Amino acid sequence: MHPLTENDLIHNRLTHSLETSSVGRSLGTMVGSKIIANNNVENISEDEFGYVVQAACLAHDIGNPPFGHAGEEAISKWFESELKDSDSVFCKVPIDKQIEFTKFEGNAQGFRILTQLENNKFVGGLQLTKAILGAFTKYPRPAYLSHTAQGKYVGAKKFGYFASEKKYFDDIASTLGLLNKGAEAEGFYARHPLAFLVEAADDICYNIVDLDDSLLNSDLRFEDVKNVLEPLSGNIKLIGTQVDKIAYLRAKAIGNVVTECSNLFIKKYDDIMSGKYSSSLTDDPDYKYHEGFAKIRVLANERIFTASRKTELEIAGHKIIDGLLSIFKDPIYDLHMCDWDSDKLKGNSKRLVRLAEMDFSTATDLYTGTHILTDYISGMTDRFASETYKKLSGIL
């Protein structure tokens, strides 16, 4: 995905999420059909499997801040810098919770949005089913376990929820019967089985679609894209323009890799259900297209992620987010001094809170107040973040 693109054909977060949800529905339906047949399951249809995966896929990037992973890094680096200053008010955030900000994670922010922030704010959020929320959570552990020995389980690579949402996830895990992965690590669970399909749908879309975008951006040549898509697409006859040929290769590739992902899920079914499976489906050596995806990732690392336009935007994104956090930290300082009573704010802090319509009514301490700050900054779109930074920096 490319922030602030001027080409309407380039994928953004919304179009990527829509494509991922479509692929996810296909994966869920295929897997559901096989599970129902193999286990004589009654009172549930294959479509219901598909709907759960589709909904989780649609939301999978909802917690990403402006500029995606570069934005996550920018937020993290800003808080790391703040905490090096012993006079910073953020040093008073409980130590075990500081990592939620110094290693800011869009997956955990997404879970917070779904369960707390959207629609019914702080009273259940979007009120999605627990199956959807379980499938959404690729990393079913809290941030404070980041440095706890957890082995190499794929669901422990990152954290999937903040301490502020722990009660929500514990309730979900209990209802869904998620296995506890650590006797001495409370809150560290095995993934919901359908989370593997959500992850696979995302992997399929961003790997294959990134190639399409990079061709449009002239970061890759036609032959580069054709050579890595053909092993996934099979032996097919290509006709039409270069754009037509790549579109056909892409469509065939997605169809093939989805079918094989569903087959692999069933092959690994017992390990997945017992919490022993520890790989993404597209990374599994038993996956038919494992080598094809590996070649795409090498090409992406060498030619796509290092493209000048992408690098420029990442640098700009860092500066924008760093600047916004530096501007909006003032209300946090002042609210801390006046016991989180917004009515007592004065001067620029009062103006900033009014401008941003930031609601601190649920803030009772620095931890909850800091989350409201990151809720606001991370909830911006790329363009809104850029425009807000310009205006508040006096660049009118």
Side-chain angles (χ1 to χ4, degrees), residues 17-60 107 111 114 128-141 153-157 160 169 171-181 188-205 207-208 232 252-290 293:
S17 295
L18 290 170
E19 289 186 336
T20 302
S21 70
S22 179
V23 170
R25 181 176 61 191
S26 297
L27 272 171
T29 303
M30 288 180 184
V31 167
S33 175
K34 293 168 184 174
I35 290 175
I36 290 169
N38 293 346
N39 297 278
N40 297 315
V41 177
E42 297 180 353
N43 301 321
I44 187 171
S45 71
E46 61 192 52
D47 288 333
E48 289 174 280
F49 280 85
Y51 297 150
V52 169
V53 179
Q54 179 184 20
C57 285
L58 190 61
H60 82 281
N107 287 286
F111 187 79
L114 297 179
L128 301 176
T129 66
K130 293 177 183 179
I132 292 172
L133 292 169
F136 168 85
T137 309
K138 290 198 298 184
Y139 306 107
R141 68 166 179 82
Y153 181 62
V154 66
K157 263 195 317 188
F169 196 80
D171 180 53
I172 291 166
S174 176
T175 301
L176 298 177
L178 301 187
L179 302 173
N180 195 315
K181 289 289 288 182
F188 173 32
Y189 297 96
R191 278 179 174 177
H192 186 293
L194 297 184
F196 288 97
L197 298 183
V198 175
E199 179 180 56
D202 186 25
D203 287 347
I204 289 167
C205 287
N207 275 292
I208 293 176
L232 309 181
K252 293 294 289 185
I254 289 175
N256 290 340
V257 300
V258 164
T259 298
E260 288 303 321
C261 255
S262 69
N263 290 339
L264 182 63
F265 184 97
I266 297 302
K267 181 179 180 180
K268 304 290 184 176
Y269 181 79
D270 290 340
D271 284 345
I272 289 172
M273 296 303 292
S274 66
K276 296 177 182 178
Y277 188 69
S278 186
S279 173
S280 66
L281 292 169
T282 60
D283 278 337
D284 193 313
D286 289 339
Y287 182 49
K288 180 177 178 179
Y289 296 108
H290 169 68
F293 269 81

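Note that the structure is a prediction, hence the values are computed from the model and not measured.
The two residues Ala200 and Leu281 make their nearest non-hydrogen contact at CB-CD1, 4.1 Å. The two residues Lys34 and Ser262 come nearest to each other via the heavy atoms NZ-OG, 3.1 Å. Residues Gly134 and Leu176 come closest through the heavy atom pair CA-CD1, 3.9 Å. In plain terms, the two heavy atoms of Leu58 and Ser17 that are nearest each other are O-CB, 3.7 Å. Listed here is the closest heavy atom pair of Gly24 and Cys57: CA-SG, 3.8 Å. Of all heavy-atom pairs between Val198 and Ala135, the closest is CG2-O, 3.5 Å.
Counting non-hydrogen atoms of neighbouring residues, nucleotides and ligands closer than 6.0 angstrom, the OH atom of Tyr51 reaches no more than 12 such neighbours. Atom NZ of Lys288 sits in a sparse spot, with 12 or fewer heavy atoms from other residues, nucleotides or ligands closer than 6.0 Å.
Evaluation of the side-chain hydrogen bond (donor to acceptor under 3.5 Å, both in side chains) rule for Lys268 yields Asp286 as partners, not counting sequence neighbours. Glu199 meets the side-chain hydrogen bond (donor to acceptor under 3.5 Å, both in side chains) test with Arg191; sequence neighbours excluded. In this structure Thr282 satisfies the side-chain hydrogen bond (donor to acceptor under 3.5 Å, both in side chains) test together with Asp203, Arg297, sequence neighbours excluded. Not counting sequence neighbours, His192 has no partner by the ring-ring contact (aromatic ring centres under 6.0 Å, His included) test. For Phe111, the ring-ring contact (aromatic ring centres under 6.0 Å, His included) test picks out Phe169, with sequence neighbours left out.
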Report task. Test side-chain contact (heavy atoms from CB on, under 4.5 Å) on Ile266 and Val31 and set out the steps. Result -> CA-CA 7 Å; Ile266 297 302; Val31 167; 4.3 Å; yes
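Proximity of Thr29 to Asp47: side-chain heavy atoms (C-beta onward) are separated by under 4.5 Å at one or more points. Using a 4.5 Å cut-off on side-chain heavy atoms (C-beta onward), Met30 and Asn263 make no contact. Put simply, the side chain of Asn39 reaches to within 4.5 Å of the side chain of Tyr269, judged on heavy atoms. Side-chain contact between Ile208 and Val257: present, with at least one pair of heavy atoms (C-beta onward) separated by less than 4.5 Å. With contacts defined as side-chain heavy-atom distances shorter than 4.5 Å, the pair Phe196/Val154 qualifies. Using a 4.5 Å heavy-atom cutoff, the side chains of Asp202 and Thr20 are in contact. The shortest distance between side-chain heavy atoms of Phe265 and Leu27 does not fall below 4.5 Å. Side-chain contact between Asp171 and Lys130: present, with at least one pair of heavy atoms (C-beta onward) separated by less than 4.5 Å.
If you take CD1 on Ile35 and CE on Met273, they are separated by 7.0 Å, rounding to the nearest 0.5 Å. Annotation: the span from Thr175 atom OG1 to Leu133 atom CG amounts to 10.5 Å, rounded to 0.5 Å. Between the CD atom in Glu48 and the CD1 atom in Ile36 there is a gap of 8.0 Å [rounded to 0.5 Å]. Here the CD1-CG distance, from Ile172 to Leu128, works out to 9.0 Å after rounding to the nearest 0.5 Å. In this structure, CD1 in Ile254 is found 11.0 Å from CG in Asn207, a value given to the nearest 0.5 Å. We find the CG-CZ distance between Asn180 and Arg141 to be 13.5 Å, quoted to the nearest 0.5 Å.
Residue pairs that meet the side-chain hydrogen bond (donor to acceptor under 3.5 Å, both in side chains) test with at least one member in residues 271-280, sequence neighbours left out, are Tyr277-Asp284, Ser280-Asp283.
For the pair Thr137 (side chain) and Pro140 (backbone), a donor-acceptor distance under 3.5 Å is absent. Within the 3.5 Å criterion, the main-chain N or O of Leu18 finds no donor-acceptor partner in the side chain of Ser22.
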